[in-house]
**Student:** 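I am attaching a structure below and will ask some questions about it afterwards.
Heavy-atom basis, side chains included; hydrogens, waters and symmetry copies ignored. In what follows, every chain begins at residue 1, and chains take the letters A, B, ... in the order their sequences are listed.
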Protein chains: 2
Amino acid sequence: MSRSGADLALLLLGGFRSLVDTATAELARRGYQDVRPVHDFAMRAIAAGAGNASELGRRLSVSKQAAAKTIAVLQERGYVTRDTDPRHARRMRLQVTPLGFEVLRTGEAIFDELRDQWERQIGPAQLENLETHLTELVGDPPVRFDTPGWMSRDLGEPI
Amino acid sequence: MSRSGADLALLLLGGFRSLVDTATAELARRGYQDVRPVHDFAMRAIAAGAGNASELGRRLSVSKQAAAKTIAVLQERGYVTRDTDPRHARRMRLQVTPLGFEVLRTGEAIFDELRDQWERQIGPAQLENLETHLTELVGDPPVRFDTPGWMSRDLGEPI
DNA sequence: CTTGCTTAGACAACCTGGATGTCATTGACA
DNA sequence: TGTCAATGACATCCAGGTTGTCTAAGCAAG
């Protein structure tokens with residue numbers, strides 16, 4: 001039976017949400033409360049070299065102000081630090097703390113476990129196939145995550 | 001090469017967004033400006049029998065107030081009508097207008113075209129396979145669409 | 001050295017799309 | 001008839017973005 005195009009979209013959304021929701025819940029269960037996907041993305045971007053708010057905003061495709069808010073949250077929870085570069089007074093240096101890296105590693109581990117679970121469910125070859133074809137269809141995973149309300153608001157440029 | 005679990009999640013998101021973004025843009029191009037996925041979902045739910053705001057809210061997993069707001073927008077744009085049931089003074093009867101159905105049909109057509117495009121890209125058997133396995137993994141497409149900000153906020157019950 | 005451009009980051013105001021809480025009305029049912 | 005459940009309206013709050021304005025730092029060119 002061939003599904004409609006809309007169903008296909010929902011199926012993809014369902015898969016994504018299933019993974020992310022489970023991962024978030026599991027992360028909370030393991031002691032990292034209140035870590036949202038967006039925090040993971042932000043920390044990953046910081047670890048990858050986004051050293052300041054503007055740069056982080058650029059990488060996440062949000063305004064620098066929005067990025068600054070996220071940074072404030074991460075800092076408050078001890079996941080990143082913000083110290084000023086002694087040589088460039090106005091420039092801050094963002095760094096992921098050991099605790100932050102702990103969260104990142106745990107998150108990755110959980111996602112990998114979920115992937116293993118899927119692999120057991122449909123078989124390694126099938127999952128591999130699924131990934132290959134999806135990659136073919138949509139290209140490499142987008143770096144940007146999302147902006148809230150995009151289901152209802154204006155969409156901006158496609159990923 | 002086997003991707004990480006997190007990449008798998010992003011791949012699914014990418015596929016979904018790719019379809020939905022393109023569909024929304026195309027819908028706008030064909031003259032239906034400002035139709036967002038959430039409107040499509042809402043109209044679909046109304047057409048399927050959600051006759052009032054509370055019921056619509058239940059079906060979309062949002063509060064009745066949020067549903068009422070969506071209804072107001074749809075009504076303003078002429079996609080649904082709200083007339084009071086003469087027999088039950090306080091109960092409204094929501095109905096999708098011909099224009100609303102036009103949008104729904106056009107949206108479906110666009111999604112189906114996109115699906116055809118994918119089919120040509122990776123082959124019918126592969127797409128069928130992809131759908132079958134995804135269905136196996138996440139079950140039937142969820143009726144609920146989403147709530148905005150779920151990437152960053154509390155998630156509620158999983159789909 | 002000074003002038004001028006670019007950029008970081010802070011602050012404030014605003015918008016959207018939800019959630020909550022309260023309330024009057026209303027229909028159903030014991 | 002009295003009580004209960006539920007609808008829908010209204011007001012308020014909240015989160016997470018946006019834009020706009022401002023100051024200060026860095027850099028390059030005259």
**Student:** In whole Å, I'd like the distance from the CG atom of Leu60(A) to the C1' atom of dG17(D).
**Tutor:**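 For the pair Leu60(A) CG and dG17(D) C1', the rounded distance is 13 Å.
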**Student:** Describe, as an angle rounded to 10 degrees, how the axis at the first end of the helix from dC1(C)-dG30(D) to dA30(C)-dT1(D) is tilted relative to the axis at the last end, five pairs per end.
**Tutor:**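 Result, rounded to 10 degrees: 0°.
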**Student:** If I compare all heavy atoms of Ile46(A) with all of Val80(A), which pair ends up nearest, and what's the gap?
**Tutor:**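 Closest approach of Ile46(A) to Val80(A), heavy atoms only: CD1-CG1, 3.9 Å.
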**Student:** Over all strands shown, is Ser54(B) touching base, sugar-phosphate only, or nothing at heavy-atom distances under 4.0 angstrom?
**Tutor:**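 Contact class for Ser54(B): sugar-phosphate only.
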**Student:** How about Asn52(B) and Ile71(B): do any of their side-chain heavy atoms sit closer than 4.5 Å?
**Tutor:**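 No - every pair of side-chain heavy atoms lies 4.5 Å or more apart.
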**Student:** How long is the line joining CZ of Arg58(A) and P of dG17(D), in whole Å?
**Tutor:**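 That distance rounds to 17 Å.
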**Student:** Mind checking if Ala68(B) touches a base, just sugar-phosphate, or nothing, with heavy atoms under 4.0 Å?
**Tutor:**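 Nothing: the residue Ala68(B), judged by heavy atoms under 4.0 Å, touches no strand.
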**Student:** Pick from Leu137(A), Val138(A), Leu130(A): which one makes a side chain to side chain contact (heavy atoms under 4.5 Å, CB included) with Leu11(B)?
**Tutor:**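 Running side chain to side chain contact (heavy atoms under 4.5 Å, CB included) over Leu137(A), Val138(A), Leu130(A) with Leu11(B) returns exactly one hit, Val138(A).
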**Student:** Nearest-Å distance, CG (Leu74(A)) to P (dG16(D))?
**Tutor:**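 Going from Leu74(A) (CG) to dG16(D) (P), I get 12 Å.
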**Student:** Quick one: are Asn129(A) and His133(A) in side-chain contact, heavy atoms under 4.5 Å?
**Tutor:**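 Contact flag for Asn129(A)/His133(A) side chains = yes.
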**Student:** Pairs under 3.5 angstrom only: tabulate donor-acceptor contacts from the side chains of residues 100-110 of chain B to other protein residues two or more places apart or in another chain.
**Tutor:**
residue   : atom : partner   : partner atom : Å
Glu102(B) : OE2  : Tyr32(B)  : OH           : 2.5
Thr106(B) : OG1  : Glu102(B) : O            : 2.7
Glu108(B) : OE2  : Arg44(B)  : NH1          : 2.8

**Student:** To the nearest Å, how far apart are Phe41(B) CZ and dG18(C) P?
**Tutor:**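 Distance check: Phe41(B) CZ to dG18(C) P gives 13 Å.
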**Student:** Quick one: is Ser63(A) getting a side-chain N or O under 4.0 Å of the dT18(D) phosphate, OP1 or OP2?
**Tutor:**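 True: Ser63(A) side-chain N/O within range (under 4.0 Å) of dT18(D) OP1/OP2.
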**Student:** So which nucleotide from dA19(C), dA10(C), dT7(D) ends up closest to the side chain of Arg82(A)?
**Tutor:**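 The closest nucleotide is dA10(C).
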**Student:** Nearest whole angstrom, please: distance from the P of dC14(D) to the CZ of Arg36(A).
**Tutor:**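 It is 17 Å, rounded to the nearest whole Å.
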**Student:** In whole Å, what is the span from the CD1 atom of Ile71(B) to the P atom of dG8(D)?
**Tutor:**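 One finds 8 Å between P of dG8(D) and CD1 of Ile71(B), rounded.
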**Student:** Is Arg30(B) paired with Glu113(B) through a side-chain N to carboxylate O contact shorter than 4.0 Å?
**Tutor:**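 Looking at Arg30(B) together with Glu113(B), the answer is yes, because their closest N to O distance falls below 4.0 Å.
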**Student:** From dT7(D), dA19(C), dT18(D), pick the nucleotide closest to the side chain of Asn52(B)?
**Tutor:**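 Looking only at heavy atoms from C-beta outward on Asn52(B), the closest nucleotide is dT7(D).
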**Student:** Checking side chain to side chain contact (heavy atoms under 4.5 Å, CB included) for the pair Glu131(A)/Arg115(A): CA distance, chi angles, key distance, verdict?
**Tutor:** CA-CA 11 Å; Glu131(A) 288 170 334; Arg115(A) 189 187 177 283; 2.9 Å; yes
**Student:** Could you say whether Ala67(A) or Gly51(B) is positioned toward the 5' end of DNA chain D, judged by the nucleotide with the nearest heavy atom to each?
**Tutor:**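 Taking each residue's closest nucleotide, the earlier one in sequence belongs to Gly51(B).
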**Student:** Of all the heavy-atom pairs spanning Ala45(B) and Leu56(B), show the shortest one and how long it is.
**Tutor:**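 Taking Ala45(B) first and Leu56(B) second, the nearest heavy atoms are CB-CD1, 3.6 Å.
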**Student:** Taking atom P of dT16(C) as reference, at what distance in whole Å does atom NE2 of His39(B) sit?
**Tutor:**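 It works out to 12 Å between those atoms.
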**Student:** In whole Å, what is the span from the CZ atom of Arg93(B) to the C1' atom of dT26(C)?
**Tutor:**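 Whole-Å distance recorded here is 17 Å.
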**Student:** For nucleotides 20-22 of chain D, tabulate all protein N/O to nucleotide N/O atom pairs closer than 3.5 Å, reporting atom names and distance.
**Tutor:**
residue : atom : partner  : partner atom : Å
dG20(D) : O6   : Gln65(A) : NE2          : 2.5

**Student:** What's the shortest heavy-atom distance between Phe16(B) and Ala9(A), and which atoms?
**Tutor:**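 Result for this residue pair: CD1-O, 3.0 Å.
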